[in-house]
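Report on the structure given below.
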Amino acid sequence: MATTGTPTNLTQKTKGGIGESTLRPDGILKVTGEFAYSSDMWHEDMLWGQILRSTVAHAEIVSIDTSEAVAQAGVYAVLTYEDLPTEVKNYGLEIQDTPVLANGVVRHHGEPVALVAADHPETARRAAAKIKVEYRELPVVTDEASATAPDAPLLHPGRDDHHAGHVPHPNIVHRQPIVRGNADEAAERADVIVSGEYTFGMQDQAFLGPESGLAVPAEDGGVDLYVATQWLHSDLRQIAPVLGLPEDKVRMTLSGVGGAFGGREDLSMQIHACLLALRTGKPVKIVYNRFESFFGHVHRHPAKLWYEHGATRDGKITHMRCRIVLDGGAYASASPAVVGNASSLSVGPYVIDDVDIEAIALYTNNPPCGAMRGFGAVQACFAYEAQMDKLAKALDMDPVEFRQLNAMEQGTLLPTGQAVDSPAPVAELLRRVKARPLPPERQWETTEGADVRALPGGLSNTTHGEGVVRGVGYAVGIKNVGFSEGFDDYSTAKVRMEVIAGEAVATVHTAMAEVGQGGVTVHAQIARTELGVNQVTISPADTQVGSAGSTSASRQTYVTGGAVKNSCELVREKVLEIGRRKFGSYHPAWATAELLLEGGKVVTDGGEVLADIVDVLEGETVEIEAEWRHRPTQAFDLRTGQGNGHVQYSFAAHRAVVEVDTELGLVKVIELSCAQDVGKALNPLSVIGQIQGGTTQGLGVAVMEEIIVDPKTAKVRNPSFTDYLIPTILDTPTIPVDVLELADDHAPYGLRGIGEAPTLSSTPAVLAAIRNATGLELNRTPVRPEHLTGT
């Protein structure tokens, strides 16, 4: 103990703090297959749950006959809407319009109709197949025209929610206009005006771990639910009223999550498993197969977008008009918030003073759509970046220089009237991706021994280079971070510090859902940095601690990381108070110096050691649970769209290099480089991984990913990884990443949420490169071979 005698200086700082690429605690387990996912859970005397789903998209339920299913050996329960225990029979993230089980009508293909619990999964499946449902099919609503026609079926008649007075038709979930300046007058100053209609396909999150969970009935009449989710406390808020239980009797624990990307923000099997467990008095496990997973979660909103831009001869953008129509499917999910993002970010990272914007989301009989990485900004970025290339071409300007000329910067006013009050290095990001050396050209017809497998379609030996052309394209995007529009976006962290086996140990407990983003790693890094300890334990996430909000909106490192930092600071002050009480009389620095915890010691800011943390904490434990909030936001005005709706923005730019076989319509992305400002890289290795992962998802929707819905029947045609294609290692190009660290002074450590921004600009960059190679307009995603060959 360095409390008397000659003072010493700190010789070893704490390792594994912020700014270091510490390894994930779950990394080795995951790559070796030893990690326990929610689908791996098991309980003695466990039953298996199965869900019967509708085979049609819109129909009246005439009758349900469960008698054969009930009579099957091994079946313990069969439930329909009539068996729900309370008057609360709907749930939903923002609008409670989603039935737990269909009540008299089904509104989309695959809607849950009945539940079965049996002693074997195959028994449960066979019993569900014996349930006889008679449907009387109704006309389907599949697009804006059919949704808003005078005789359109009202999918949610008698709507009574806070959006209803603002929308022009009951089949419109939400509408957000944004008007600033005078777009009509500004258009008169334009020397060139370009417009375009764009179509964005329905993308699936395509996480590899299917929806799954285990519900265990408890002796107190409650239930313990172990589940893969993105937001424990939101689930709890929706589950408890349906079960007729107080929230403290629905105890939720996060289980291993095999990816999410927004698809687990809504409920899937949570209520169903709990209902079956409480009815049978036995643990019930539900695991979706891949086919069912496509029906069991929301998808990215498909969109129709119309844009008009004008510019002067010297390259300054004069105005922008746009209309964005998002298909929300049968239920609201997160559609209102997606509309808010799409409209407020529809202008892109550019200075445009005169705008006229409208975004809406529809109710249709298509699959429900909600949160997915990028959350409304992805669809808008695809359209406005195509417009930037059109403007540059019309003005005979370099597309990067044109963007840089109009790029926003710190202090720019957005169309909502909100100022960007942190670094906005849009022009610099573009400069960096353009300055990167291009991959070398390959002379396939003359290079001896050239590997044709690297060509488009080369693994099928369809070409040896003839008809293959190269293209280069650029794009940049803007994404908000965190929940917006006045949402009380907070997180809670409980931090304990104590001595265990002669060593100071910190324990961090939050309800943050670890879905692969690396929050468990960052939380330990924050605790080491703030508390100066090497040993940090991360407690399992559950509802026994306050809410951490959703693992979405690129918010967890900012908000829950901020909460961990805040609670660690409060714990540190308590530790220092104990130290002053115990040892303050030994050294005046206890009262006069700025004190830190570093390397297991209490030190002054000059590095002088005052005591071991172990000696300070001897016989005492410090524990604090506290909430932390970022700066408040406000809702956008429903007439003008004005308001400080967002707390932070993130920016990313991409350059895509592609090769296109113009004869077969095949595309090979050679390189997809990215530059992104992250504010502060708390874990540089994880930052690179997030950027490369988001970039790959953007690549997927550019050239292959789309859920195909039959426009006549609203049925999903490709609910499998056989027919819904995602990029594999053979499709994924080299992804060099250039990371900027320009601190946001309003955020913990100056950090910036990073997970979503690369998903925005990667898609339009790939499309721009294909256009550059082929000269085609290509106004839809994904690009298919027939779009490139005209067949």
What do the steps show when you test F261 against F207 for ring-ring contact (aromatic ring centres under 6.0 Å, His included), and what is the final call? CA-CA 7 Å; F261 312 115; F207 41 73; 7.4 Å; no

List the steps, then state whether ring-ring contact (aromatic ring centres under 6.0 Å, His included) holds for W42 with Y226. CA-CA 11 Å; W42 198 266; Y226 305 87; over 10 Å; no

Would the number of heavy atoms belonging to other residues, nucleotides or ligands and lying under 6.0 Å from [atom1] of [X] be above 12?
{"X": "K30", "atom1": "NZ", "answer": "yes"}
{"X": "E137", "atom1": "CD", "answer": "no"}
{"X": "K304", "atom1": "NZ", "answer": "no"}
{"X": "R717", "atom1": "CZ", "answer": "no"}
{"X": "R251", "atom1": "CZ", "answer": "yes"}
{"X": "I28", "atom1": "CD1", "answer": "no"}

Report the C-alpha separation of L84 and T86 in whole Å, then their side-chain angles, then the decisive distance to 0.1 Å, and conclude whether the side chain to side chain contact (heavy atoms under 4.5 Å, CB included) test is met. CA-CA 6 Å; L84 297 181; T86 73; over 6 Å; no

Considering all heavy atoms, the nearest [X]-[Y] contact:
{"X": "E94", "Y": "A337", "result": "OE2-CB, 3.5 Å"}
{"X": "N171", "Y": "P153", "result": "ND2-O, 2.9 Å"}
{"X": "V298", "Y": "S333", "result": "CG1-OG, 3.8 Å"}
{"X": "I538", "Y": "A524", "result": "CD1-N, 3.9 Å"}
{"X": "D204", "Y": "E705", "result": "O-OE1, 3.6 Å"}
{"X": "I286", "Y": "L276", "result": "CD1-CD1, 4.5 Å"}

With the threshold set at 4.0 Å, does a side-chain nitrogen-carboxylate oxygen contact exist between [X] and [Y]?
{"X": "K712", "Y": "D710", "answer": "no"}
{"X": "K130", "Y": "E68", "answer": "no"}
{"X": "R53", "Y": "E111", "answer": "no"}

Strictly by modelled atom types, are [X] and [Y] linked by a side-chain donor-acceptor pair under 3.5 Å?
{"X": "Y91", "Y": "D97", "result": "no"}
{"X": "Q556", "Y": "T560", "result": "yes"}
{"X": "E211", "Y": "S293", "result": "yes"}
{"X": "Q690", "Y": "S686", "result": "no"}
{"X": "S552", "Y": "E265", "result": "yes"}
{"X": "Q96", "Y": "T98", "result": "no"}
{"X": "Y724", "Y": "N718", "result": "no"}
{"X": "Q72", "Y": "R126", "result": "no"}
{"X": "Q203", "Y": "R300", "result": "yes"}
{"X": "T759", "Y": "Q697", "result": "no"}
{"X": "E34", "Y": "T32", "result": "yes"}
{"X": "S38", "Y": "S255", "result": "no"}
{"X": "H301", "Y": "S335", "result": "yes"}

Tell me, do [X] and [Y] make a side-chain contact under 4.5 Å, heavy atoms counted?
{"X": "V709", "Y": "K715", "result": "no"}
{"X": "V75", "Y": "V116", "result": "yes"}
{"X": "E514", "Y": "V257", "result": "no"}
{"X": "V140", "Y": "T713", "result": "no"}
{"X": "V701", "Y": "E706", "result": "no"}
{"X": "V284", "Y": "M46", "result": "no"}
{"X": "V339", "Y": "R175", "result": "no"}
{"X": "V564", "Y": "M512", "result": "no"}

Could you tell me whether a side-chain N or O of S146 sits under 3.5 Å from a main-chain N or O of D143, the two making a donor and an acceptor? yes

Would D220 and K249 satisfy salt bridge (charged side-chain N to carboxylate O under 4.0 Å, His left out), going step by step from the backbone distance to the final call? CA-CA 8 Å; D220 65 356; K249 286 196 175 184; 5.2 Å; no

Check step by step if salt bridge (charged side-chain N to carboxylate O under 4.0 Å, His left out) holds for R136 and E60. CA-CA 5 Å; R136 181 182 295 118; E60 177 187 346; 2.8 Å; yes

Once rounded to the nearest 0.5 Å, what's the spacing between atom [atom1] of [X] and atom [atom2] of [Y]?
{"X": "F375", "Y": "S484", "atom1": "CZ", "atom2": "OG", "result": "8.5 Å"}
{"X": "S54", "Y": "H109", "atom1": "OG", "atom2": "NE2", "result": "6.5 Å"}
{"X": "L232", "Y": "I239", "atom1": "CG", "atom2": "CD1", "result": "9.0 Å"}
{"X": "L79", "Y": "T66", "atom1": "CG", "atom2": "OG1", "result": "9.5 Å"}
{"X": "L29", "Y": "F35", "atom1": "CG", "atom2": "CZ", "result": "7.5 Å"}
{"X": "L101", "Y": "L275", "atom1": "CG", "atom2": "CG", "result": "7.0 Å"}

V78 vs I131, side chain to side chain contact (heavy atoms under 4.5 Å, CB included): CA-CA, chis, key distance, verdict: CA-CA 9 Å; V78 179; I131 299 173; 4.0 Å; yes

Take E756 and S554 through the side-chain hydrogen bond (donor to acceptor under 3.5 Å, both in side chains) test and state the conclusion after the steps. CA-CA 6 Å; E756 294 175 287; S554 304; 2.9 Å; yes

Less than 6.0 Å separating the ring centroids of Y331 and H156? yes

Ring center gap for H297 and Y288 short of 6.0 angstrom: no

Start with the C-alpha gap between V242 and K89, add the side-chain angles, then the distance that decides, and say whether side chain to side chain contact (heavy atoms under 4.5 Å, CB included) holds. CA-CA 6 Å; V242 175; K89 302 179 188 296; over 6 Å; no

Working note: K285 + S212, criterion side chain to side chain contact (heavy atoms under 4.5 Å, CB included); need CA distance, chi angles, decisive distance, verdict. CA-CA 7 Å; K285 177 178 178 177; S212 51; 5.9 Å; no

Intermediate values then yes/no, side-chain hydrogen bond (donor to acceptor under 3.5 Å, both in side chains), D542 and H509: CA-CA 9 Å; D542 56 33; H509 187 189; 3.0 Å; yes

